[in-house]
Every structure is written in structure tokens, then in C-alpha cells.
Amino acid sequence: MSEKIEIIRRLLGVLLVVVGSLGCALRLYRSFSSRTKAVPVISVIIIGSTALVTGLQFVFPEVLTALRRNREALLAGEWWRIMTPLFVHAYGWWHACVNCVMAIIFCPLAERLYGKKLWALYFIPGVVGEIFGYFWEPDNAGASLGITGVMGGLFAFVFLHRREFSGATQLFAMCGTAGAVMLCFWRDIHGPPTVLGILLAGIMMILEDPKRERFP
């Protein structure tokens, strides 16, 4: 029974984060609808490289073995395993497809908001998430830890521009943040990178030039 309760709690937390981020993304995309769309180069690189490496794992299964989380191998000196789990997917095609769709939705949007800072917003929370992953899910892998950092960036943007968003959009951001905090307490690896994404994006915007163009 306790295991079922644990699963339900984690699903609830993940659902809050996903629904919250989708709600914020919808509002942000509407704000950009009348603008000229630049090619999201950084997003293309992140998504393309992840798709390439993930595709290789289905042709050469040893790719997944070599790049996924493995605590013993990491401690033995395979330092790359602190980042490479972001580029492979432990649960197969459905896992890869879900993360690919999420990355396509959120990464280009975050790139429009943060520009080159998307590198930091994706990989810093992603690597920190991997550190938690080595304690909580030591044999897993997937791009979702980087993507949740980007989701956190959307929540932070809404919070710091709250006067320019409706109450419903702010509610989506608050629900997503609450879900991330709950996941941290419930030892789900998606919680810490989402919270870190919120904090990191907030710091980025606070330190940014106050004379920058007003959103949208």
C-alpha cells in the first residue's frame, strides 16, 4: 500500500509541474505570436544531439550501457557519466519520444526569453539533477532533468513579470513550483532541477540590464 501511495504522490507532483509549465508556455507563445521567429539555434543543437545519441543507443545498445548512470563506474573514474545520462533514455522509444516533445515545446521558448543563457538553464540543473539521481535512481537515464530546469525558468519568468500576466498564468506557475517542491520532499529526481531552474533563471533576470526591452 505504501508503495502505491508513493507512486501516486510522485505522479501528482509531476502532473503539477507539467500542467503548470504547459499553461505558462501557452501564454508565453501567445505573446510571441506576432513577432518574427528567429531560429532557436541552441535548442536545435541540444535536441538534435540528444536525438542522435539516443538513436544510436537503439542501434548499438552498448551506447546506453556506456552513458547511463552507473555509480560504480562513476566512482571508478568515468567522470562523463555525470552529464551523459542526459543524452540517452533508459526506458526506450516512448521515454525518448515524450522527452523530445517536451524539449521541442519548452527549449525554443526559453531560448527566446533567455537567449544564450539556455545553455546554463538546461545543463546546470541537468547535472545537479544527475547528482541527485545517483543517490535516488542510480541506474536510470533521460533528458527530463535538463528539460525540467527549463520549465523552472518559465515559472521564474512569470513570477518576475507577474504584472504583465493574468492571474490564471500566475496560478499555473505557482502550481508548477508547488509540484517541484513536493517532488523534492518525496525524493523524486525531477524536483531539484526544477527548483534550481527557478532560482537560476531568477538570478539571471535580476542581474540582467534593467534597460532591456520590456516583455513582450
Side-chain angles (χ1 to χ4, degrees), residues 14 16-29 31-32 37-51 53 82-87 98-133 141-162 164-165 169-170 172-181 183-184 188-210 212-213 215-216:
V14 170
L16 285 173
V17 173
V18 172
V19 171
S21 55
L22 286 173
C24 292
L26 179 61
R27 171 63 179 85
L28 289 163
Y29 272 118
S31 300
F32 285 127
K37 296 180 180 179
V39 177
V41 177
I42 298 172
S43 300
V44 170
I45 293 172
I46 291 173
I47 297 169
S49 59
T50 303
V53 178
I82 201 66
M83 180 180 286
T84 55
L86 294 170
F87 293 92
V98 169
N99 280 340
C100 182
V101 170
M102 299 294 276
I104 290 171
I105 292 173
F106 298 117
C107 287
L109 176 57
E111 187 169 352
R112 298 194 74 170
L113 299 175
Y114 296 101
K116 294 180 180 179
K117 296 183 181 71
L118 176 62
W119 288 117
L121 197 56
Y122 186 92
F123 284 106
I124 293 177
V127 170
V128 170
E130 292 298 341
I131 294 173
F132 279 91
S144 59
L145 299 182
I147 298 168
T148 51
V150 175
M151 291 177 177
L154 301 186
F155 300 150
F157 194 91
V158 171
F159 289 141
L160 292 182
H161 294 80
R162 56 187 176 276
E164 300 162 44
F165 290 102
T169 306
Q170 296 177 47
F172 277 121
M174 287 187 287
C175 287
T177 301
V181 172
L183 290 175
C184 291
D188 186 287
I189 59 174
H190 299 94
T194 310
V195 173
L196 181 57
I198 296 170
L199 297 175
L200 184 61
I203 293 171
M204 288 175 179
M205 287 186 287
I206 290 172
L207 295 179
E208 199 173 40
D209 183 358
R212 65 183 174 81
E213 183 181 356
F215 175 81

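Scope of the values below: all heavy atoms of this structure, side chains included, with no hydrogens, waters or symmetry mates.
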Once the angle between the rings of H161 and F165 is folded into 0 to 90°, is it parallel (under 30°), tilted (30 to 60°) or perpendicular (over 60°)? perpendicular
As an exercise, state the distance from CE of M102 to CG of L22, rounded to the nearest 0.5 Å. 5.5 Å
Here the gap from R112 atom CZ to Y29 atom OH, rounded to the nearest 0.5 Å, amounts to 8.5 Å
Spacing of CZ belonging to F159 relative to CG belonging to L154, to within rounding of 0.5 Å: 11.0 Å
Could you go through the side chain to side chain contact (heavy atoms under 4.5 Å, CB included) check for M151 and H190 one step at a time? CA-CA 11 Å; M151 291 177 177; H190 299 94; over 6 Å; no
Is there side-chain contact between V127 and I82, with heavy atoms separated by less than 4.5 Å? yes
Over all heavy atoms of both residues, which pair between A120 and P125 is shortest? Give the atoms and the distance, please. O-CD, 3.2 Å
Nearest heavy-atom pair of V17 and G179: which atoms, and what distance? CG2-C, 3.7 Å
Testing the basics here: between C24 and V158, what is the closest heavy-atom pair and its distance to 0.1 Å? SG-CG2, 3.9 Å
Apply side chain to side chain contact (heavy atoms under 4.5 Å, CB included) to L196 and I124, showing your working. CA-CA 8 Å; L196 181 57; I124 293 177; 4.1 Å; yes
Is it true that a side-chain atom of Y114 and a backbone atom of G153 form a donor plus acceptor pair closer than 3.5 Å? yes
Shortest non-hydrogen contact between A173 and F155, atoms and distance: CA-CD2, 3.8 Å
Closer than 3.5 angstrom, by distance alone: can the side chain of E130 be matched with the main-chain N or O of M83 as a donor-acceptor pair? no
Spacing of OH belonging to Y122 relative to OG1 belonging to T148, to within rounding of 0.5 Å: 9.0 Å
Answer whether the closest heavy-atom distance between the side chains of L86 and T50 falls below 4.5 Å. no
Closest non-hydrogen atom pair between P193 and L145, with its separation: CB-O, 3.5 Å
Within this structure, what is the CG-CD1 distance for the pair L121 and I147, rounded to the nearest 0.5 Å? 12.0 Å
Just do the side chain to side chain contact (heavy atoms under 4.5 Å, CB included) check on F172 and L26 with the steps written out, would you? CA-CA 11 Å; F172 277 121; L26 179 61; over 6 Å; no
So which atom in V195 and which in A180 form the shortest heavy-atom distance, rounded to 0.1 Å? CG2-CB, 3.9 Å
Quick one: are R27 and Q170 in side-chain contact, heavy atoms under 4.5 Å? no
Using 0.5 Å steps for rounding, measure from the CD1 atom of I198 to the OG1 atom of T177. 3.5 Å
Residue of the set V44, V39, I46, I45 for which side chain to side chain contact (heavy atoms under 4.5 Å, CB included) holds with I42: I46
Sidechain-backbone polar pair: E111 side chain, S43 backbone, donor-acceptor under 3.5 Å: yes
